[in-house]
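Structure, as structure tokens:
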Amino acid sequence: MTDLDTLERSLLEQIGQASDEAALETVRVSALGKKGAVSELLKTLGAMTPEERKERGPLINGLRDRVAATLGSRREALQAAALDARLASERIDVTLPLREAPEARGRIHPISQVIDEITAIFADMGFSVAEGPDVETDELNFTALNFPEGHPAREMHDTFFLAPDHLGRRKVLRTHTSPVQIRTMRAVEPPIRVIIPGRTYRHDSDQTHTPMFHQVEGLVIDRQANIANLKWVLETFARAFFEVESVGMRFRPSFFPFTEPSAEVDIQCSRKGGEIRFGEGTDWLEVLGCGMVHPNVLKNCGLDPDQFQGFAFGMGIDRLAMLKYGMPDLRPFFEADVRWLEHYGFRPLDVPSLVGGLTA
Ligand code: PHE
């Protein structure tokens, strides 16, 4: 056996044993690379006599060609095997059930849902949305709203009082969203049509009261806005919100320092077998307070009561949510229990709208 035979056998064996393309490349370099064994042999041809070359040339070239061909076919085989392995490992079973994405599992809190529903209804009537801070001055929460100093109406609110600020102004956790009426009238020119949803606070806690609760305020100011408009707005809202054809409403005379005349509004309902139905029956449920904005309030905001007038209303969002979705107790609203939220919550992609449906 010649040296060439030995070399060829060794190289072919190494090629056969190369288990991946990297190993194969190492064999190729050791044979056909610049300093490879076969390349070195080819270099010796130059120094040979013509006779020697005639004999050795075909042998060495033949060796090179066979090594190159074997390398090529081994590479193809290794590539095919690598592809097969990848296809096998990346195979997906399209018949497996889908895993729920986060947006399918998460739930919108009923309060957020109801705020979105209310906003959609009033937006359709041309109202915009305003907001104010939870920590409010005594002045905006009471004084500017025509609560006289020392008047018992201030105490009616079970106020949480806070330390005065650096200007000596007494702060409170706002007891209602009405101070944002003042902020709005002081900031923008009439005509004004806003709703103001937000958190409010009173020192009170039982099945239907929590120390923090939510209200939505409504305010309309222009030159003619009147009680008939107020009634229409509230009736239109109630029909849309409770998703019924008609809702009986009862306006009961009441008192608020910042409205005159003032009313509390009840809606008609029936309670049969523990289930509440709206717009029918012989029962009444109080849902909101309202009235014509008091001239003193307009004056406190720099508006001339002989030029401008309007109405305001305020309702409890939590209460509306309890009524509409049949939740018996208010306290779990704020306990952050995911089981409760899974039961009473709403799907995040079902955004309430008047065209798509409030409660899809
Ligand atoms: N702010 C009143 C309350 O919290 C509700 C209200 C708002 C009444 C606007 C009249 C007008 O009870």
Side-chain angles (χ1 to χ4, degrees), residues 115 118 122 127 129-134 136-148 151-160 172-186 192-204 208-221 225-235 237-238 249-267 285-298 300-301 303 305 308-321 330:
I115 291 177
I118 294 172
F122 281 105
F127 284 71
V129 177
E131 284 182 314
D134 291 14
E136 193 50 283
T137 59
D138 186 284
E139 201 255 327
L140 291 185
N141 196 80
F142 293 123
T143 314
L145 285 165
N146 200 37
F147 286 77
H151 191 279
R154 285 184 190 241
E155 312 315 318
M156 258 162 51
H157 277 197
D158 298 310
T159 314
F160 289 108
V172 299
L173 285 175
R174 66 177 178 191
T175 59
H176 49 178
T177 40
S178 301
V180 192
Q181 284 189 33
I182 306 292
R183 291 178 175 275
T184 306
M185 283 186 273
R186 287 182 180 172
I192 294 172
R193 262 180 300 193
V194 286
I195 55 160
I196 303 147
R199 281 184 287 272
T200 49
Y201 304 83
R202 289 183 202 179
H203 196 291
D204 209 351
T208 53
H209 295 89
T210 50
M212 189 278 295
F213 57 105
H214 298 81
Q215 286 191 336
V216 61
E217 192 87 6
L219 177 68
V220 172
I221 303 286
N226 57 40
I227 287 223
N229 304 147
L230 167 63
K231 271 193 88 177
W232 181 86
V233 165
L234 293 176
E235 280 170 9
F237 165 75
M249 287 185 118
R250 185 166 75 174
F251 285 67
R252 265 184 300 108
S254 184
F255 171 80
F256 301 102
F258 38 94
T259 45
E260 181 58 34
S262 304
E264 277 175 319
V265 177
D266 305 331
I267 62 167
L285 242 160
E286 186 197 321
V287 288
L288 61 92
C290 63
M292 297 301 294
V293 176
H294 196 290
N296 287 349
V297 174
L298 293 170
N300 289 340
C301 300
L303 292 173
F308 294 104
Q309 60 182 37
F311 54 84
F313 53 87
M315 43 197 168
I317 292 176
D318 319 74
R319 201 183 157 110
L320 287 174
L330 191 55

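Both counts, for ligands and for their atoms, begin at 1 and track the order of listing.
A donor-acceptor contact closer than 3.5 angstrom links the side chains of N141 and T175. For the residue pair E217/S178, the side-chain donor-acceptor check at 3.5 Å is satisfied.
Ring-centre distance between F258 and H176: below the 6.0 Å cut-off. For F313 and F122, the distance between ring centers is under 6.0 angstrom.
Every protein residue with a heavy atom nearer than 4.0 Å to ligand 1 is included here: H176, S178, Q181, R202, Q215, E217, F256, F258, T259, G289, C290, A312, F313, G314.
A salt bridge does not link E131 to R183: none of the charged side-chain nitrogens sits closer than 4.0 Å to a carboxylate oxygen.
Contacts of D318 classified as salt bridge (charged side-chain N to carboxylate O under 4.0 Å, His left out), with partners at least two apart in sequence or in another chain: none.
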